[in-house]
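Note that the structure is predicted; figures quoted are calculated from it, not measured. The figures that follow rest on heavy atoms only: side chains count, while hydrogens, waters and symmetry mates do not.
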Amino acid sequence: MLELIDVAKHYGTTPALSPARLTIAGGRTTVLIGPSGCGKSTLLRLIAGLVEADQGTIRVDGEVLTPVNINNMRHRMGYVIQEGGLFPHLTVQRNVDLMARYLGWSATRIEARTAELAELVQLQPSLLRRFPAELSGGQRQRVSLMRALMLDPELLLLDEPLGALDPIIRYELQQELRAIFARLTKTVVMVTHDIAEAAFFGHTLVLMRDGRIIQQGSVRDLARSPAEPFVEQFINAQREPARQLGEALS
């Protein structure tokens with residue numbers, strides 16, 4: 001479905017992504033993890049065509065991503081960012097159907113698709129008339145997901161979609177998102193720094209550091225066969241608070 005071949009990106013003299021090779025299977029969820037500044041969001045933006053690689057090739061279903069075809073290719077991608085990235089001056093309905101209206105969909109088709117997506121993400125239809133500022137954080141993320149799915153894209157890209165939510169809402173949306181992914185069987189690439197969340201969603205985890213892909217595989221692969229000491233350090237750093245909580249509750 002998605003292939004990166006020696007893809008690299010620099011900002012000035014600073015490497016944001018060293019030459020990377022990565023194959024992402026169709027119909028599966030791949031999670032990019034790592035500390036802040038490791039290059040995971042840069043990699044996602046390269047896939048989305050929001051920034052252009054300095055070198056290398058990105059293929060989507062065998063088709064090379066280029067400046068010439070990027071606009072058409074984006075219609076096959078849905079993109080969700082932290083806190084939703086909704087346009088504050090547009091109603092929920094107008095945020096959701098923005099691209100559909102741009103592409104000339106009929107009002108009947110837009111209405112049917114919106115209703116289908118509202119049911120999928122469990123958003124009350126009455127909220128479609130509101131503006132983003134009138135919604136809770138969890139509701140805004142539901143709307144953002146609806147917008148990303150409006151054109152029924154093959155590829156769904158999510159950059160820390162749950163990072164700004166409080167723990168209870170985040171837990172609820174984690175459960176709902178995983179169920180949605182399973183139902184839709186789309187190719188999903190998600191960014192998070194939370195390995196527990198990565199393990200919850202991901203068929204494959206891709207651990208990054210300093211713009212490099214360090215190791216990829218299941219969470220079991222990373223825990224049992226770390227490619228280098230950093231892999232073990234990263235896992236243990238996030239495992240320790242959970243262990244302490246378990247001891248406090250026992």
Side-chain angles (χ1 to χ4, degrees), residues 28-36 40-41 44-45 48 77-98 113-150 153 155-203 205 219 234-235 237-246 248-249:
R28 310 279 281 179
T29 298
T30 298
V31 182
L32 310 177
I33 58 172
S36 298
K40 53 189 186 293
S41 291
L44 200 73
R45 287 194 287 268
M77 304 177 188
Y79 189 59
V80 179
I81 63 173
Q82 192 174 38
E83 298 191 33
L86 301 175
F87 295 109
H89 63 292
L90 298 179
T91 64
V92 167
Q93 178 67 62
R94 286 294 179 248
N95 267 283
V96 169
D97 66 23
L98 184 64
R113 181 60 174 164
T114 301
E116 179 184 6
L117 291 172
E119 180 183 3
L120 177 70
V121 305
Q122 301 181 44
L123 186 81
Q124 294 176 320
S126 61
L127 298 179
L128 294 171
R129 297 187 295 272
R130 295 189 182 181
F131 289 88
E134 300 175 297
L135 304 180
S136 67
Q139 289 168 340
R140 285 194 294 271
Q141 284 305 91
R142 287 179 168 85
V143 174
S144 184
L145 184 60
M146 287 176 65
R147 183 174 65 180
L149 291 171
M150 186 68 185
L155 177 62
L156 190 57
L157 307 173
L158 302 101
D159 194 352
E160 297 272 12
L162 308 178
L165 301 176
D166 67 64
I168 293 177
I169 298 300
R170 182 170 183 163
Y171 173 78
E172 292 174 353
L173 279 179
Q174 284 174 338
Q175 306 297 317
E176 293 173 19
L177 269 182
R178 189 165 73 167
I180 289 170
F181 295 165
R183 176 175 169 180
L184 298 180
T185 63
K186 293 188 180 296
T187 304
V188 178
V189 184
M190 174 185 285
V191 165
T192 182
H193 62 272
D194 186 333
I195 196 164
E197 185 168 85
F200 181 77
F201 283 108
H203 296 102
L205 277 57
V219 66
F234 184 81
I235 292 173
Q238 300 200 43
R239 179 186 289 165
E240 182 61 20
R243 184 189 66 78
Q244 293 182 11
L245 177 61
L249 295 175

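- Annotation for Ala148 and Val80: closest pair CB-CG2, 3.6 Å, computed over non-hydrogen atoms.
- For the pair Gln141 (side chain) and Pro161 (backbone), a donor-acceptor distance under 3.5 Å is present.
- Taking 4.5 Å as the limit, every side-chain heavy atom of Glu160 sits out of range of all side-chain heavy atoms of Met190.
- Rounding to the nearest 0.5 angstrom, the gap separating the CG atom in Leu86 from the CZ atom in Arg94 is 15.0 Å.
- Within the 3.5 Å criterion, the main-chain N or O of Gly34 finds no donor-acceptor partner in the side chain of His193.
- Scanning all heavy atoms of the two residues, the minimum distance from Met146 to Thr114 falls at CE-O, 3.8 Å.
- With values rounded to the nearest 0.5 angstrom, Glu119 atom CD is found 9.5 Å from Gln122 atom CD.
- Distance CD/Gln139 to CG/Leu173: 10.0 Å, rounded to 0.5 Å.
- Legend: residues meeting side-chain contact (heavy atoms from CB on, under 4.5 Å) with Ser126, ordered by chain and number and at least two apart, are Gln124, Arg129.
- Counting heavy atoms from C-beta on, the side chains of Leu145 and Leu177 come closer than 4.5 Å.
- Using a 4.5 Å cut-off on side-chain heavy atoms (C-beta onward), Leu128 and Leu123 make contact.
- Inter-residue side-chain proximity for Ile81 and Ser144 is flagged as unmet; no heavy-atom pair is nearer than 4.5 Å.
- Phe200 has its side chain out of reach of Val31: every pair of non-hydrogen atoms, C-beta onward, lies at least 4.5 Å apart.
- Put simply, the side chain of Arg140 gets close to the backbone of Leu135: a donor and an acceptor are under 3.5 Å apart.
- Side chain of Glu172 to main chain of Ile169: no donor-acceptor pair is present (N/O by atom type, distance under 3.5 Å, no hydrogens or angles).
- With hydrogens and angles ignored, the 3.5 Å screen pairs no side-chain donor or acceptor of Lys186 with any backbone N or O of Leu149.
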Report task. Might you work through the side-chain contact (heavy atoms from CB on, under 4.5 Å) test for Val189 and Met77, ending with a clear yes or no? Result -> CA-CA 11 Å; Val189 184; Met77 304 177 188; over 6 Å; no
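- Note that OH of Tyr171 is 13.0 Å distant from CD of Glu197, once rounded to the nearest 0.5 Å.
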Requested in this report: Report the C-alpha separation of Leu120 and Glu116 in whole Å, then their side-chain angles, then the decisive distance to 0.1 Å, and conclude whether the side-chain contact (heavy atoms from CB on, under 4.5 Å) test is met.
Outcome: CA-CA 6 Å; Leu120 177 70; Glu116 179 184 6; 5.9 Å; no
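- Using a 4.5 Å heavy-atom threshold, the side chains of Ile33 and Phe234 count as touching.
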Query - Steps toward side-chain contact (heavy atoms from CB on, under 4.5 Å) verdict (Thr192, Leu32) - result: CA-CA 6 Å; Thr192 182; Leu32 310 177; over 6 Å; no
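- Asp159 places no side-chain N or O within donor-acceptor distance of the main-chain N or O of Val191, the cut-off being under 3.5 Å.
- Between Ile180 and Gln175 there is no side-chain heavy-atom pair separated by less than 4.5 Å.
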Requested in this report: Decide yes or no on side-chain contact (heavy atoms from CB on, under 4.5 Å) for Val188 and Phe201, but give the supporting numbers first.
Outcome: CA-CA 10 Å; Val188 178; Phe201 283 108; over 6 Å; no
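- Judged by distance alone, the side chain of Arg113 and the main-chain N or O of Met150 form a donor-acceptor pair under 3.5 Å.
- Taking 4.5 Å as the limit, every side-chain heavy atom of Thr187 sits out of range of all side-chain heavy atoms of Arg28.
- The shortest heavy-atom contact between Leu162 and Gln174 is CD1-CG, 3.5 Å.
- A donor-acceptor contact shorter than 3.5 Å links the side chain of Glu134 to the backbone of Phe131.
- Here the CG atom belonging to Asp166 is positioned 9.0 Å from the OG atom belonging to Ser136, to the nearest 0.5 angstrom.
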